[in-house]
Colleague: 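The structure that follows is given in the form of structure tokens.
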Amino acid sequence: MPLQALRTVAKPQNGVGAFILQCKRIDLHYCDWAGSSKGMNDFLRTTLPAFAKQNPSIELSVSPRPGRHPVIKGLYINGRQKAICVRNMESGEILRKVELLKAASGERLRRERRPVKSANESVRGVWDPFHGHKYRI
Amino acid sequence: MLSLNLKRALLESRLPVPPTFLLPWAASLTTVSHTTGAGNVPPPLLNTVQQVSAEEQAAGSVTRKAQTPKPKRVDPTTTLARSATVAGTERPTTPSTLFSSPVAPLSESVRDLLPLLQAQGSHYITAHIHDRPYLITQGDTVRLPFFMKDAEPGDVLRLNKATNIGSRDYTLKASAPAPKLKSATTTTRMVLDPTTGSLESHSRVMPATSLDSNTAGASAAMAVAPHFIPHIAKGKVSYLDERLFVCRAVVMGMESEPMRMKEKTKRRNRKIKTVRSKHRYTVLKIKEVRIRGVEEIEGGGELA
């Protein structure tokens, strides 16, 4: 029988080959009238262009949301969203929040007890009593 | 056609990695930075290189005295591996130092068995980041117990501290660590003062430290600990030679734990103070775990 290839799908491993940033879009909402949006307006005018230039892979959308607090929303590749209300924050603080959105994956916050997460089989194999040292009475 | 260009670029430039302009996905690849000088690097790249170098410095710094490579005889004055992997912001490395430094010989057991270890399919490595071990294979996700401030998502880190590398049937371990230095009181000698011998006055004499006879590199031979050892220099673990393996990790980003509340109060006191914690952690993805061949190691020179 001739050799037949296995039909498999490549395992997705972001980072092992190429690295793709998980954050694909950030929406920034501001208000011209609200006092809580003062820092946000400054941020949009001064800091945002430089951030956009440094991160060409993130789609940034700025739109007014009149009568509301300023908000930044991040949309991730896994479809989830993260929203942060940046009311009464200064430009520097808002930049830190935007960096937070950029560095996050879209996963929910959960407490990981083990540092290493692996999908690979064990390298040394699972123990069985038939191989290795024989137990002698 | 693209592959021909790549091959030509590889042969011409003699770098382990093709030039950055041919690989748009690896634009931030900054693992080998031995040619970095403040004047050579264009400004957009300078920032990422120094970030990576700061992290490599933190994660992979080797003190001169504590370095004891695995079972082989090593000339203690060679610092070949250090000069190549630790980035050049502090040390003025030039390309010529990589090729001109002497290559320490590998031991017999390593030379015989390394090809067998390399030939087996999958490998694991116990890499140490800030002296904490992580048993990792390629493709694993590691959540570090701290937040690396300078590491942006996409930065590539080179992990150069490891204690074990293994495959299914073979394991490469580092040699045993240097013997613990004893404190001075355990080896002081009781000396009977000859002039007042009858009155039985004793004096304690510190054993002579052999600073004048031996060089600083033979500190393991000293039986007495120096007066003060900072806790970071106690050297409980010895690491493998960096030339034997290549282990790279990509910074995936940052994650934080859910908010934790801790209530602090005393008995019979109604005031309850609440402390909120929400720590941040850096997440790495292990990009490459590779064992280098004997020819590649003994050829010296480029560390890829």
Side-chain angles (χ1 to χ4, degrees), chain A residues 10-24 26 50-58 74-78 80 82 84 95-128 131-133, chain B residues 23-29 44 47 120-125 127 129 132-145 147 151-156 165-171 248-260 278-289:
Chain A
K11 247 191 323 179
Q13 289 187 322
N14 182 22
V16 175
F19 172 72
I20 299 171
L21 200 64
Q22 291 294 301
C23 180
K24 57 184 185 181
I26 297 183
F51 177 82
K53 206 163 182 190
Q54 279 168 9
N55 303 284
S57 64
I58 303 178
L75 182 66
Y76 296 91
I77 288 179
N78 63 357
R80 293 190 76 248
K82 269 194 203 236
I84 303 179
L95 178 65
R96 280 207 297 273
K97 295 297 181 191
V98 172
E99 299 272 350
L100 189 154
L101 285 185
K102 167 193 152 191
S105 73
E107 299 297 322
R108 286 188 72 171
L109 299 184
R110 59 174 71 94
R111 187 161 162 239
E112 294 283 351
R113 289 187 176 273
R114 277 173 260 274
V116 180
K117 211 188 319 190
S118 177
N120 302 327
E121 293 169 356
S122 66
V123 173
R124 290 175 60 177
V126 183
W127 179 88
D128 67 71
H131 304 93
H133 292 291
Chain B
L23 297 171
W25 56 267
S28 64
L29 197 65
N47 201 22
Q120 292 207 307
S122 49
H123 300 109
Y124 69 87
I125 187 170
I129 300 176
R132 283 175 198 240
Y134 301 94
L135 200 157
I136 48 184
T137 54
Q138 192 165 328
D140 288 354
T141 308
V142 181
R143 180 202 48 87
L144 300 175
F147 175 59
E152 296 286 325
D155 289 351
V156 180
I165 305 176
S167 65
R168 193 189 156 85
D169 298 313
Y170 298 97
T171 311
R248 289 208 179 99
V250 186
V251 177
M252 296 294 288
M254 181 268 293
E255 72 171 25
S256 57
E257 53 169 356
M259 181 81 78
R260 265 186 300 146
K278 188 172 186 171
H279 292 306
R280 298 181 300 167
Y281 306 111
T282 302
V283 178
L284 305 179
K285 186 103 179 174
I286 306 301
K287 193 181 162 77
E288 181 187 1
V289 170

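Computed from a predicted model, the values in this text were never measured in an experiment. Just so we're on the same page: letters track the sequence lines, and every chain starts at 1.
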Colleague: Top residue by heavy-atom pair count (under 4.5 Å) with chain B, among A:S122, A:G125, A:A103?
Modeller: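 Max contact count across the listed options: A:A103.
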Colleague: Can you tell me which portion of B:H123 sits under 4.5 Å from chain A's heavy atoms? Options are side chain, backbone, both or neither.
Modeller: backbone
Colleague: Can you give me the closest heavy-atom contact between B:D140 and A:N120, atom names plus distance?
Modeller: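 For B:D140 and A:N120, the tightest heavy-atom pair comes out as OD1-ND2, 3.4 Å.
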Colleague: What distance separates B:K285 NZ from A:N14 CG, expressed to the nearest 0.5 Å?
Modeller: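 Separation between the atoms: 7.0 Å.
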Colleague: Could you tell me whether the side chain of B:K287 and the main chain of A:G17 form a donor-acceptor pair under 3.5 Å?
Modeller: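 Side chain of B:K287 to backbone of A:G17, a donor-acceptor pair under 3.5 Å: yes, one is there.
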Colleague: Please list all pairs meeting side chain to side chain donor-acceptor pair (under 3.5 Å) that have one or both residues in residues 102-112 of chain A, counting only residues at least two apart or in different chains.
Modeller: A:N55-A:K102, A:N78-A:E107, A:K102-B:E152
Colleague: Tell me, side chain or backbone of B:V283 under 4.5 Å from chain A's heavy atoms, or both, or neither?
Modeller: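 Neither the backbone nor the side chain of B:V283 comes within 4.5 Å of chain A.
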Colleague: Counting heavy-atom pairs closer than 4.5 Å to chain A, which one of B:R132, B:E255, B:Q138 comes out on top?
Modeller: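 Ranked by heavy-atom pairs under 4.5 Å with chain A, first place is B:Q138.
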Colleague: Quick one: what part of A:Q54 sits under 4.5 Å from any heavy atom of chain B, side chain, backbone, both or neither?
Modeller: neither
Colleague: So which of B:P258, B:G253, B:S122 has the largest heavy-atom pair count under 4.5 angstrom toward chain A?
Modeller: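 Max contact count across the listed options: B:P258.
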Colleague: I need the minimum non-hydrogen distance between A:S118 and B:T137, along with the two atoms involved.
Modeller: OG-OG1, 3.8 Å
Colleague: Looking at B:I286 and A:V16, what are the two nearest heavy atoms and their distance?
Modeller: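 In this case the closest contact between B:I286 and A:V16 is O-CG2, 3.7 Å.
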Colleague: Are any of the side-chain heavy atoms of B:Y124 and A:R124 separated by less than 4.5 Å?
Modeller: yes
Colleague: Which region of B:L144, side chain (C-beta onward) or backbone (N, CA, C, O), has a non-hydrogen atom less than 4.5 Å from a non-hydrogen atom of chain A, or is it both or neither?
Modeller: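 Neither part, no heavy atoms under 4.5 Å.
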Colleague: Got more than 12 heavy atoms from elsewhere within 6.0 Å of NZ, A:K24?
Modeller: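 Yes, because the 6.0 Å sphere around NZ of A:K24 holds more than 12 heavy atoms from other groups.
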Colleague: Taking all heavy atoms of B:Y134 and all of A:P115, pick out the closest pair and write down the distance.
Modeller: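 Nearest pair, atom of B:Y134 first, then A:P115: CE2-CB, 3.8 Å.
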Colleague: Give me the atom names and distance for the closest heavy-atom approach of B:S256 to A:L109.
Modeller: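 So the two residues come closest at O-CD2, 3.2 Å.
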